[in-house]
Amino acid sequence: MVIFAPLEALWPLHRQAFFRKAWLTDLSYFFLSGLLPKFFLVLPMTFITLGLRDLMPVELHRYVSELPLWARFAAAMVVGEFGTYWGHRWMHEIPFLWRFHAIHHSAEQIDWLVNTRAHPIDLALPRLCGFVPMLLLGLAQPPAADQVDLLPLLVTLVGTVWGFFIHANLRWRFGCLEWFISTPAFHHWHHTKDNLHVINKNYAAMLPWMDKLFGTYYLPKDAWPKRYGIDTPMTPSLLKQMLQPFYRQIKPSGQPKG
């Protein structure tokens with residue numbers, strides 16, 4: 001808040017009140033999102049780590065573990081982004097998963113706080129998809145008796161902080177850098193419901209060339225989205241939002257492909 005509230009006041013993309021619609025709900029998500037996804041990740045990550053332990057050659061993991069931290073971090077960012085890209089895309093394309101992800105997309109006004117407006121399952125699944133290839137290649141080492149690999153924490157921390165930035169209500173553009181790193185302009189188009197031709201684009205959290213690679217990139221030079229949100233009404237109650245995906249179909253602005 002200390003960082004982004006002044007920036008959004010000085011360089012806003014859309015003029016909107018600080019205490020905008022659903023601000024209190026999103027503030028509640030801010031605290032819940034730091035706690036609940038871990039409960040959904042603990043057991044799957046434990047069994048996946050055990051299952052992958054002997055799947056890849058020991059020599060590969062030994063070689064990766066001996067790389068300098070900067071090289072492991074760079075590789076983990078790319079490999080993790082590949083996994084989270086597909087996890088995020090599946091949240092859109094598989095109707096049952098969209099029920100959970102729709103909570104994040106129901107925001108009709110976008111700012112930095114929308115980053116954590118998400119169902120715990122929505123946060124946990126793409127993160128799990130990012131961790132699996134990192135574990136598979138030895139970029140995230142299973143905890144040992146005398147040490148813990150901090151690289152997954154570092155990747156998650158950088159990704160989370162960047163997530164606040166790309167949701168921010170900022171009109172900044174970055175020229176050719178937008179080909180290499182995600183920006184508010186890039187991600188705001190992911191939240192648009194302007195028309196059917198521009199939705200379901202820009203799934204990458206940090207590396208937009210991942211969308212280029214898989215044909216989901218969309219970033220016009222000078223235009224910004226005019227409308228955000230989904231077509232299905234979303235209950236304002238935080239508790240009902242937590243329960244709604246389990247019993248109610250939620251129709252996106254464009255039907256999922258799956």
Side-chain angles (χ1 to χ4, degrees), residues 1-37 88 91-92 97-123 126 160-173 182-196 198-203 205 218 220 223-256:
M1 185 181 296
V2 170
I3 295 171
F4 288 105
L7 293 178
E8 291 181 337
L10 291 170
W11 294 282
L13 172 62
H14 302 291
R15 293 288 177 183
Q16 59 193 37
F18 178 80
F19 297 105
R20 53 161 175 77
K21 180 180 180 182
W23 184 86
L24 187 59
T25 300
D26 290 352
L27 183 64
S28 301
Y29 273 116
F30 177 86
F31 293 101
L32 289 176
S33 297
L35 298 173
L36 293 182
H88 187 184
M91 300 300 293
H92 280 255
L97 296 181
W98 168 254
R99 296 184 186 188
F100 299 93
H101 192 52
I103 294 172
H104 180 63
H105 276 268
S106 66
E108 297 175 357
Q109 294 176 293
I110 304 296
D111 61 18
W112 67 276
L113 192 56
V114 172
N115 181 47
T116 50
R117 176 191 179 91
H119 196 284
I121 292 179
D122 177 25
L123 289 173
T160 301
V161 172
W162 202 259
F164 288 116
F165 171 64
I166 62 177
H167 285 89
N169 180 35
L170 292 171
R171 64 173 185 266
W172 294 348
R173 298 298 299 263
S182 62
T183 62
F186 175 81
H187 195 71
H188 276 231
W189 281 109
H190 177 69
H191 279 266
T192 186
K193 66 169 187 175
D194 283 0
N195 62 68
L196 297 180
V198 299
I199 65 169
N200 295 329
K201 304 288 186 181
N202 300 358
Y203 295 111
Y218 181 80
W224 289 83
K226 295 181 175 62
R227 298 188 305 149
Y228 304 96
I230 59 176
D231 293 335
T232 304
M234 180 66 63
T235 174
S237 166
L238 180 65
L239 178 60
K240 290 182 179 179
Q241 287 183 17
M242 291 288 100
L243 299 175
Q244 182 171 298
F246 295 101
Y247 65 84
R248 184 183 179 189
Q249 178 70 41
I250 302 176
K251 180 181 179 297
S253 300
Q255 287 290 346

Which is it for Trp172 and Leu7 under the side-chain contact (heavy atoms from CB on, under 4.5 Å) test, yes or no, and what are the steps along the way? CA-CA 10 Å; Trp172 294 348; Leu7 293 178; 4.0 Å; yes

Sub-4.5 Å side-chain heavy-atom contact between Ile103 and Pro245: yes

Looking at Phe18, is its backbone amide N or carbonyl O close enough to the side chain of Glu8 to form a donor-acceptor pair, meaning the two atoms are under 3.5 Å apart? no

Flag the pair His88 / Tyr203 as yes when their ring centroid distance falls below 6.0 Å, and as no otherwise. yes

For the residue pair Trp189 and Tyr218, does the interplanar ring angle fall in the parallel (under 30°), tilted (30 to 60°) or perpendicular (over 60°) class? perpendicular

Residues Ala168 and Pro184: closest non-hydrogen pair is O-CB, 3.9 Å

Please find the pair of heavy atoms, one from Ala205 and one from Ile166, that lie closest to each other, and give the distance. O-CD1, 3.6 Å

When you measure from the side chain of His167 to the backbone of Asp111, do you find a donor-acceptor pair of N or O atoms at a distance under 3.5 Å? no

Using a 3.5 Å distance criterion without hydrogens, assess whether the side chain of Gln109 forms a donor-acceptor pair with backbone atoms of Lys21. yes

For the CD1 atom on Ile3, are there more than 12 heavy atoms of other groups (residues, nucleotides or ligands in this structure) within a distance under 6.0 Å? no

Taken to the nearest 0.5 Å, the spacing of Met242 CE from Phe100 CZ works out to 10.0 Å

Are the side chains of Trp23 and Gln16 in contact, using a 4.5 Å heavy-atom criterion? no

Verdict with reasoning, Arg117 to Asp26, per salt bridge (Lys or Arg N to Asp or Glu O under 4.0 Å): CA-CA 5 Å; Arg117 176 191 179 91; Asp26 290 352; 2.5 Å; yes

As a quick check of understanding, evaluate side chain to side chain donor-acceptor pair (under 3.5 Å) for Trp162 and Ser182, giving each step before the final call. CA-CA 9 Å; Trp162 202 259; Ser182 62; 3.1 Å; yes

Taking the six-membered ring for Trp, is the centroid-to-centroid distance between Phe165 and His187 below 6.0 Å? no

Taken to the nearest 0.5 Å, the spacing of Lys193 NZ from Ile230 CD1 works out to 8.0 Å

I'd like to know if the side chain of Ser106 reaches the main chain of Gly229, judged simply by a donor and an acceptor atom lying under 3.5 Å from each other, with no hydrogens or angles considered. no

Of all heavy-atom pairs between Ile199 and Asn195, which one has the smallest distance, and what is that distance? CG2-O, 3.4 Å

List the steps and the verdict of ring pair (Phe, Tyr, Trp, His ring centres under 6.0 Å) for His190 and His104. CA-CA 11 Å; His190 177 69; His104 180 63; 7.6 Å; no

So, applying side chain to side chain contact (heavy atoms under 4.5 Å, CB included) with Asp122, which one of Arg99, Met91, His105 is it? Met91

When rounded to the nearest 0.5 Å, the distance separating CZ of Phe4 from CG of Leu170 is 7.5 Å

Closest approach of Ala9 and Pro12, non-hydrogen atoms and distance? O-CD, 3.7 Å

Got a second to check how far Thr116's OG1 is from Tyr29's OH, nearest 0.5 Å? 10.0 Å

Measure the acute angle between the ring planes of His14 and His188, then classify it against the limits of 30° and 60° as parallel, tilted or perpendicular. parallel

Please report the interatomic distance CZ(Phe30) to CH2(Trp112), rounded to the nearest 0.5 Å. 5.5 Å

Test log, rule side-chain contact (heavy atoms from CB on, under 4.5 Å), inputs Leu238 and Leu32: CA-CA 11 Å; Leu238 180 65; Leu32 289 176; 3.7 Å; yes

side-chain contact (heavy atoms from CB on, under 4.5 Å) evaluation trace for Leu113 with Arg20: CA-CA 11 Å; Leu113 192 56; Arg20 53 161 175 77; 3.8 Å; yes

Euclidean distance, Thr25 OG1 relative to Met234 CE, rounded to 0.5 Å: 11.0 Å

Mind telling me whether Trp98 and His101 have parallel, tilted or perpendicular rings, with 30° and 60° as the class edges? perpendicular

